[in-house]
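In this text, all values refer to a predicted model and were calculated from it rather than measured experimentally.
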Amino acid sequence: MKNLTKETWKMISTNGASVLLFELLYRGITAPVYLRFADRGIRLALRMTGDSYLTAGNIGKFLLHPGTLAVLMGLGAVGVLLMLFETAGLVTAFQGSAYDQKLTPFSIFTGALHKLRGMSRSIWYLAVPTLAGAMWINLGLLAWVFNHVRPVNFVLKEISGSPAWTLAVAGILLVALALILPLAFLHFGCLEGRYSFRESLTRSRRLMGVHGQWVLVSLAAALLASIAWTVVMYLAAVFVAAVFVMLFVERRLAMAVLLLTADRIERIVLLAGSITATVISLGILAVFYFRYGKLEEGSGRDSHGAAYDQLQKHRKNQKRVVWVSCTVLLIIFVYLLDLVQNRFDISGDLIKITRITAHRGGSRIAPENTLAALRAAEEELADYAEIDVQITADGVVVLGHDTSLKRVAGINQAIGALDWAELSLLDVGSWFSPEYAGERIPTLEEVLEFCFGRLRLNIEIKNVGPDSPIPELVAELVRAYGYEEQCVITSTSLGYLVRVKQAAPELKTGYVIAAAYGDFYSLEEVDFISIRHSFVTQALVDKLHSQGKEIHVWTVNRRNDMERLRLLDVDNLITDDPVLAREILYQEEAAQSLMEYLRMIFE
C-alpha cells in the first residue's frame, strides 16, 4: 500500500499543476452552463406538463410525461459527454505522467478532444460506466444534492423512514458496485490504448481479476480521505469566515451574513472535494493500468511506443485546434457573463429553498417603495424586494402602495390624479426620518435599472381599475430591461395577471389573496399564491405543491411565525425583517455556537 501511495502521488504530481488548472477551468465553465441548460430544460418540461413548479405532489406526473422523458434523455446525453470529456482529459494527463511528459492544461484539453474524436460511435458504450463511476466517486456531492433538491429530498425522507426501502436502495447500490468494478479500467483501454470496447472490457476484467481487491481497498480509502478532507476544508473555511464576520460586520447582520457565507462556502468546498476525489481515484486506476496492467501483459513502455509517439505527435499538432477552442471558450465566456447579469443561482432555480422577500423594499430601516428601501433590502441580504406599482395620470408606472399620498407625502391626492412631473417633486422620505428628507418616488424604469444584477423583484400591480393599461406597461418594461428571470408579477386582480400572461407568457405570476377561500389551486394564469401567513396550513401547502404551484406568505415579522412557516416548508417568506428571517430559516446550531464562542473571545 505504501508503494502504491508513492506511485499514485508521482502519477498525479507529475502534471499536478496542469491537472488542477484544467479541472478548475473545465468545471468552472461547464458546470454553470450545463446547470443553466438543465434549468431551461426542466422549465420546458414543466410547461409541457402544465405545471408551474416541480413539487413532491406532481413529480410522478412530471417524470412519466413523454416530453419530460425526452428532455431528461437529452440532458443525460449532454451530461455523459461532459463527464467523458473530463475523464479523457485526465487520462491524457496521466498518460503523459506515465511517459514522464510534462503537459499544459491546453495539452490536456486538446488531448481529450483527440481521444474522444477517435472513438467515433463507440463513445456511447461508455455512457453507463461513466455515470456509474461518477456516482461512486462523488457520493459526498450526491448526498448533498439529494438533501437540498426538492422534491428529491421529500422522496428520500419517505424512503429513509421505511426499513424495506432503505434495504432495497442499499442492495441496489451494492449490486451496481459489483457490476461496475470489473469495468474500472474500461476508459483507459478505450481512450488511451485505443482498444475496441470489447477488448477493453476483457483487459479490464483481467486486470481486476489480479488486482481487484487492492483496487477496491485503494478506491475506498481515497473516497474516505477525500470526504474527510472536504469536511476539514469546510470547517476551516467557516471558522475563518466567522472570525471575519465578527471583526468587520455589524452585530445585527453577523449571523445572517455567516449563514449566507457558509452556504457559499459549502458549494465551493463540495466542488473542491469532488475534484479531489475524481483526480485521486483516476490516479489510482492509472497506476494499476500503466505500472501493473501493461507490465503483466508483457508490454512495457517499449512495446507501447505507439501510444507514446501518438502523444508526442498530438502535442506537435495542437495549433490546428487552438483557434476553434479559443472561439468556443469565448462564446462560453460571453454566456457566463449573461448568467451573472441575470443572477442565475442554482439555489434559487434548480435547488428549491425558501426565499426571503423584503416587504416594500427594506421598509423597516428606510422609507417604503423608494430606492433607499431597495438599497436597504440588498444590505439586509434579501433574495427579493417586494414593491407596489401604480400609474400616473400621464401613463408613467411608479412605485406606491396607498391610493392616497397623504401618509407618505402629506398631500391628500391619489397617485393616479397627478402627472409624473408633479409627482417627481414630492418628498416621500421625511415622514419616515429626517435622514431621508428629499427622497423621491421612483419610476419602475428607474428601479429596474437600479436593481438589475443586484436584487430580484416581486412587482405587485395595485388594482387601479379594469381599464388601466398598467399590466401591459409593466410587462413591456420588464421585457425591455431583460428582467424576465429576475422578477415575479403579483396582484390582487386576477384579470391583471391574465393580461400579463397574454403580454408576456414567460413571466411568473402570483395571485395575492387575503384568505384561503375559493378554487385558486388550478388557475392556469397563476404560477403561485401569495397569502396572509395566518391562513397557511400544512394541508394548504401540500395542496398547492400537489398542483405544481408555490406558496408565498405575507407579512411575517414574528419569530414564532417564521419558525412555524419554516416547518410547513413554504416557498417564499415576505417580511419587514429579512435578517431575522434568514437566521430563522437557515439556522444551524453549529454556526450559532461558533458565533457565541467568538463573541466571548472578542468581547
Just list the side-chain donor-acceptor pairs under 3.5 Å for residues 19-26, sequence neighbours left out, or say none.
{"residue": "Glu23", "atom": "OE1", "partner": "Arg27", "partner atom": "NE", "Å": "3.3"}
{"residue": "Tyr26", "atom": "OH", "partner": "Leu82", "partner atom": "O", "Å": "2.6"}

Problem set entry | Gap separating the OG atom of Ser218 from the CG atom of Leu223, nearest 0.5 angstrom | 12.5 Å
Problem set entry | Pair Phe94 + Phe290: ring centers closer than 6.0 Å | no
Problem set entry | Polar side-chain atom of Ser281 near backbone of Ile137 as donor-acceptor pair, under 3.5 Å | no
Problem set entry | Gln486 side, atom CD; Arg454 side, atom CZ - distance, nearest 0.5 Å | 12.0 Å
Exercise. Quick one: CD1 on Ile268 to CE on Met233, what's the gap to the nearest 0.5 Å?
Worked result: 11.0 Å
Exercise. Rounded to the nearest 0.5 Å, how far apart are CG of Leu585 and CG of Asp569?
Worked result: 10.0 Å
Problem set entry | Criterion side chain to side chain contact (heavy atoms under 4.5 Å, CB included) against Val257, the qualifying member of Leu260, Leu253, Leu259 | Leu253
Exercise. Does the pair Glu485 and Arg40 meet the rule for a salt bridge (Lys or Arg N to Asp or Glu O under 4.0 Å), with working shown?
Worked result: CA-CA 11 Å; Glu485 296 183 16; Arg40 295 281 189 177; 2.7 Å; yes
Exercise. Do other residues, nucleotides or ligands put more than 12 heavy atoms under 6.0 Å from Arg205 CZ?
Worked result: no
Exercise. Does the Ser204 side chain pair with the main chain of Phe185, one donor and one acceptor, at a distance under 3.5 Å?
Worked result: yes
Exercise. Judged by modelled atom types alone, do Thr8 and Thr5 share a side-chain donor-acceptor pair under 3.5 Å?
Worked result: no
Exercise. Ion pair present between Arg582 and Asp263, side-chain N to carboxylate O less than 4.0 angstrom?
Worked result: no
Exercise. Around Gln213, counting heavy atoms of other residues, nucleotides and ligands shown, do more than 12 lie under 6.0 Å from its CD?
Worked result: no
Exercise. Taking it one step at a time, do Tyr125 and Leu186 satisfy side chain to side chain contact (heavy atoms under 4.5 Å, CB included)?
Worked result: CA-CA 10 Å; Tyr125 293 141; Leu186 195 60; over 6 Å; no
